[in-house]
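Shown next, in structure tokens, is the structure this report addresses.
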Amino acid sequence: MNETTRQAVAVALGLVFVVWQVSREPGRAIPAILMVSALGYAVAPVIRDGVA
């Protein structure tokens, strides 16, 4: 899987999670966005470089 595909999959999964949380309760939008952002920063090297 190339880098662009990995990044697209990561962004899509994050967006799906945020939409799912907002559909459950609109007040969860900001915490869900913050959580996805934090997880994105935590796993960015794996997404960028792949699993070693």
Side-chain angles (χ1 to χ4, degrees):
M1 187 181 300
N2 65 21
E3 181 180 352
T4 304
T5 305
R6 282 196 302 262
Q7 289 177 354
V9 168
V11 169
L13 288 175
L15 185 60
V16 166
F17 178 77
V18 170
V19 169
W20 174 63
Q21 287 295 310
V22 170
S23 71
R24 293 184 72 204
E25 184 178 334
R28 292 185 179 184
I30 299 300
I33 291 169
L34 292 175
M35 187 172 72
V36 167
S37 297
L39 288 173
Y41 279 111
V43 298
V46 174
I47 293 169
R48 184 185 63 231
D49 301 332
V51 178

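Position 1 is the first residue of the sequence; numbering continues from there.
- One hydrophobic cluster, built from ILVMFWY side chains closer than 4.5 Å, cannot hold both Val22 and Val11; they sit in different ones.
- Taking Ile, Leu, Val, Met, Phe, Trp and Tyr as members and joining any whose side-chain heavy atoms lie under 4.5 Å apart, directly or through other members, the hydrophobic cluster of Ile30 also contains Leu34.
- A continuous path of ILVMFWY side-chain contacts below 4.5 Å connects Trp20 to Leu39, so both sit in one hydrophobic cluster.
- For Ile33, the side chain to side chain contact (heavy atoms under 4.5 Å, CB included) test picks out Val18, Ser37, with sequence neighbours left out.
- To the nearest 0.5 Å, the span separating CZ on Phe17 from CZ on Arg28 amounts to 8.5 Å.
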